[in-house]
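Quick notes on the structure that follows.
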Amino acid sequence: MKEFEIAVRIGKELTAAQLTEAAAKALGVKPEKLGHVEVVRRSVDARQDILYRYRVQAYRENEPFEAYRVAPYRDVHGADPVIVVGAGPAGMFAALKLLQKGLRPIVLERGKDVERRKVDMARLSVEGVLDTDSNYCYGEGGAGAFSDGKLYTRSSKRGDIREVLHQLVAFGAHPDILIDAHPHIGTDRLPEIVKNIRACILEHGGVYHFDSRVTDIVKKADGGFEVRCGETAYQASRVILATGHSARDIYALFQAKGWALEAKGFALGVRVEHPQWLINQIRYHGKYQPFMPTAEYSFVQQVEGRGVFSFCMCPGGILVPSSTEGETVVLNGMSNAARNSKWSNAGVVVQIEPGDQPAQYSGPFALMDFQRDVERAMYRYARENGGKHPFSAPAQRMKDFCRGLVSRDLPRTSYHPGTVNAPLHELLPEHVASRLRKVFPQVERSMRGYYTNDALLLGVESRTSSPVRLPRNPETLAHVDVPGLYPCGEGAGYAGGIVSSALDGINCAEACVRP
């Protein structure tokens with residue numbers, strides 16, 4: 001086998017003839033002596049000419065090649081149950097792995113199925129009515145189901161990323177995610193994939209219970225568990241806890257039981273919204289054409305000893321309200337598969353470590369309480385200063401923010417609840433605002449045109465990851481105080497995105513079957 005690269009100008013597809021010719025040349029054989037040939041990676045190179053770069057693997061005719069195959073799902077009717085709390089990426093992929101291992105997943109989800117969840121999110125955006133158990137964070141599919149569906153991850157050491165991607169394709173994702181350097185699915189396509197995953201789990205004997213918020217977890221004398229959802233109780237010898245990064249009530253439950261938890265660093269900042277045409281021109285150096293992929297960006301800077309970075313960039317996307325509690329304002333971004341809105345948005349956030357918060361916050365909930373108070377401050381300012389929607393967001397033009405000036409007016413935004421002209425440079429914690437004021441002019445050095453008053457900052461982006469960790473044994477993956485209970489995914493503090501959460505779910509499910 002030999003791996004090599006082919007470059008093709010964007011706008012022209014790589015043809016089978018080109019692929020065959022290049023493969024034969026790379027191996028030094030005639031085309032008829034070729035074996036298997038496949039594209040394994042595609043990326044955009046906009047440094048000079050705008051090119052697609054294809055990484056290709058080619059085999060001679062007698063060289064062994066084995067296609068990647070997902071392990072089959074087994075019928076688990078009547079098999080030993082494992083309770084999976086949460087139906088986000090970690091919970092769903094844990095349940096799929098349990099099927100492969102011959103165990104019966106009992107999935108408990110506090111929110112609604114993905115179809116009914118859409119109705120609650122529409123009411124939140126349009127009417128300002130928040131269902132605290134069914135929103136952009138809670139419900140089947142988790143926070144990832146209504147996002148850009150980004151699948152790019154650096155978590156290759158956590159497990160085999162192909163296992164996640166190939167299953168997503170089997171459940172309806174476009175096969176391009178198997179080769180794209182920065183794969184995404186799109187919020188318009190993710191719900192159908194989530195439904196297909198649920199159908200597979202049910203067909204093979206798994207069980208789903210929606211509208212089932214966990215209110216207690218009891219460790220029984222025989223070593224098993226009773227998981228209670230109000231008056232209803234479920235029994236199993238093992239529990240995978242995959243509740244997501246916003247399940248603050250689960251952290252309170254752990255504290256009440258005396259089970260270990262600890263403050264964990266997270267990141268906090270703003271959503272930054274630019275006109276998409278501007279990002280296209282910046283990233284393609286003025287050469288953008290409509291047939292080119294919608295441009296995205298990312299950056300990481302060090303400012304005053306802390307990382308400041310872009311997060312969850314949504315090209316051709318919109319901004320959405322992501323509060324899970326009343327009297328808070330939290331924003332996130334989403335985009336459809338076509339990425340065809342007039343705006344791009346990204347979180348630009350400052351790393352917050354334990355000890356960075358003001359002195360009045362202490363203990364394992366220090367950063368969580370700090371996070372909540374910033375979200376509440378945004379809500380209060382908007383409500384007290386003319387916000388017409390319960391989740392209107394404080395906002396400010398980028399250059400005005402950096403110069404400490406209140407904007408005279410605000411540009412149009414994709415954020416449906418609307419904005420309130422605000423001094424974000426004063427509303428944000430000083431150690432966050434000061435670093436953000438420095439980072440935007442720095443980014444301008446590598447992205448000419450990014451630092452502009454046509455860019456809008458909206459507060460607050462605060463749900464980048466969990467501010468609490470549920471510590472687990474590194475060997476067994478079980479909670480350090482509760483053998484048989486497996487904290488999992490973003491809510492446990494061990495993942496940060498769809499793929500890394502899915503991999504953590506897979507790992508915890510495999511841990512369930514180890515002796």
Side-chain angles (χ1 to χ4, degrees), residues 81-99 103-114 116-117 120 131-147 164 190-191 193-195 197-198 201-202 206-217 225 227-230 232 234 236 238-254 261 322 324 463 465-466 468-470 472 477-479 482 484-509 511-512:
V82 176
I83 294 172
V84 180
V85 183
M92 289 189 299
F93 279 85
L96 291 171
K97 178 56 69 174
L98 291 173
L99 294 183
L103 296 172
R104 189 183 190 208
I106 309 297
V107 182
L108 307 180
E109 169 54 55
R110 70 188 299 158
K112 299 177 183 177
D113 59 70
V114 73
R116 291 186 298 146
R117 187 179 169 198
D120 294 324
D131 184 328
T132 55
D133 286 325
S134 179
N135 45 62
Y136 280 95
C137 289
Y138 292 149
E140 186 182 21
F146 293 95
S147 68
V164 176
L190 273 162
I193 293 168
V194 169
K195 286 168 56 180
I197 290 174
R198 185 211 318 159
I201 292 169
L202 294 174
V207 177
Y208 271 76
H209 295 284
F210 294 106
D211 303 296
S212 298
R213 181 168 59 88
V214 169
T215 54
D216 199 7
I217 301 172
F225 293 89
V227 178
R228 296 173 182 166
C229 301
T232 306
Y234 302 92
R238 287 148 290 183
V239 175
I240 295 175
L241 192 66
T243 52
H245 61 42
S246 294
R248 291 165 170 169
D249 53 339
I250 293 296
Y251 303 141
L253 175 63
F254 269 62
L261 38 71
S322 292
T324 56
R463 303 294 179 91
S465 64
S466 172
V468 176
R469 176 177 284 117
L470 305 179
R472 63 191 189 191
L477 302 188
H479 187 272
V482 195
L485 175 64
Y486 299 87
C488 180
E490 286 198 29
Y494 292 98
I498 292 174
V499 173
S500 63
S501 294
L503 289 172
D504 204 48
I506 289 169
N507 291 339
C508 285
C512 283

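In this structure, the separation between OG on Ser501 and CZ on Phe93 is 10.5 Å, given to the nearest 0.5 Å. Atom-to-atom distance recorded for Leu108:CG and Arg213:CZ is 13.0 Å, nearest 0.5 angstrom. The SG atom of Cys229 sits 8.0 Å away from atom CD1 of Ile83, with the distance rounded to the nearest 0.5 Å. Once rounded to the nearest 0.5 Å, the distance linking SG of Cys512 with CG of Leu98 reads 6.0 Å. How far CZ of Arg463 is from SG of Cys137: 5.5 Å, rounded to the nearest 0.5 Å. Separation of atoms CG (Asn135) and CG (Asp120) is listed at 8.0 Å; rounding is to 0.5 Å.
At least one test fails for Arg238 against the ring of Phe225: distance under 6.0 Å to the centre or angle within 45° of the axis. A cation-pi arrangement is absent between Arg117 and Phe146, since the terminal nitrogen or guanidinium carbon is not both under 6.0 Å from the aromatic centre and inside a 45° cone about the axis.
Between Arg110 and the choices Thr215, Asp249, Thr132, the side-chain hydrogen bond (donor to acceptor under 3.5 Å, both in side chains) rule is met once, by Asp249.
Closest non-hydrogen pair, Cys508 versus Arg472, comes out as SG-NH1, 3.5 Å. Of all non-hydrogen atoms in Val114 and Glu140, the two that sit nearest each other are N-OE1, 2.8 Å. Closest approach of Pro105 to Leu99, counting heavy atoms only: CD-CD2, 3.7 Å. Asp216 approaches Leu253 most closely through the heavy-atom pair OD1-CD1, 3.7 Å. Taking each heavy atom of His479 and Pro487 in turn, the nearest pair found is N-CD, 3.6 Å. Residues Gly144 and Ile498 approach most closely at O-CD1, 3.9 Å, considering heavy atoms.
Inter-residue side-chain proximity for Thr232 and Ser212 is flagged as unmet; no heavy-atom pair is nearer than 4.5 Å. Contact check for Phe254 versus Leu241: side-chain heavy atoms found under the 4.5 Å cut-off. Residues Lys112 and Tyr138 form no side-chain contact, since every pair of their non-hydrogen atoms from C-beta on lies 4.5 Å or further apart. The side-chain heavy atoms of His245 and Ser465, taken from C-beta on, include no pair separated by under 4.5 Å.
Here Tyr251 pairs with nothing under the ring pair (Phe, Tyr, Trp, His ring centres under 6.0 Å) rule; sequence neighbours left out. Residues forming a ring pair (Phe, Tyr, Trp, His ring centres under 6.0 Å) with Tyr208 (at least two apart in sequence, or on another chain): Phe210.
In this structure, the side chain of Glu109 engages the main chain of Gly139 through a donor-acceptor pair within 3.5 Å.
With respect to the salt-bridge test (charged N to carboxylate O, under 4.0 angstrom), the residues Asp211 and Arg116 qualify.
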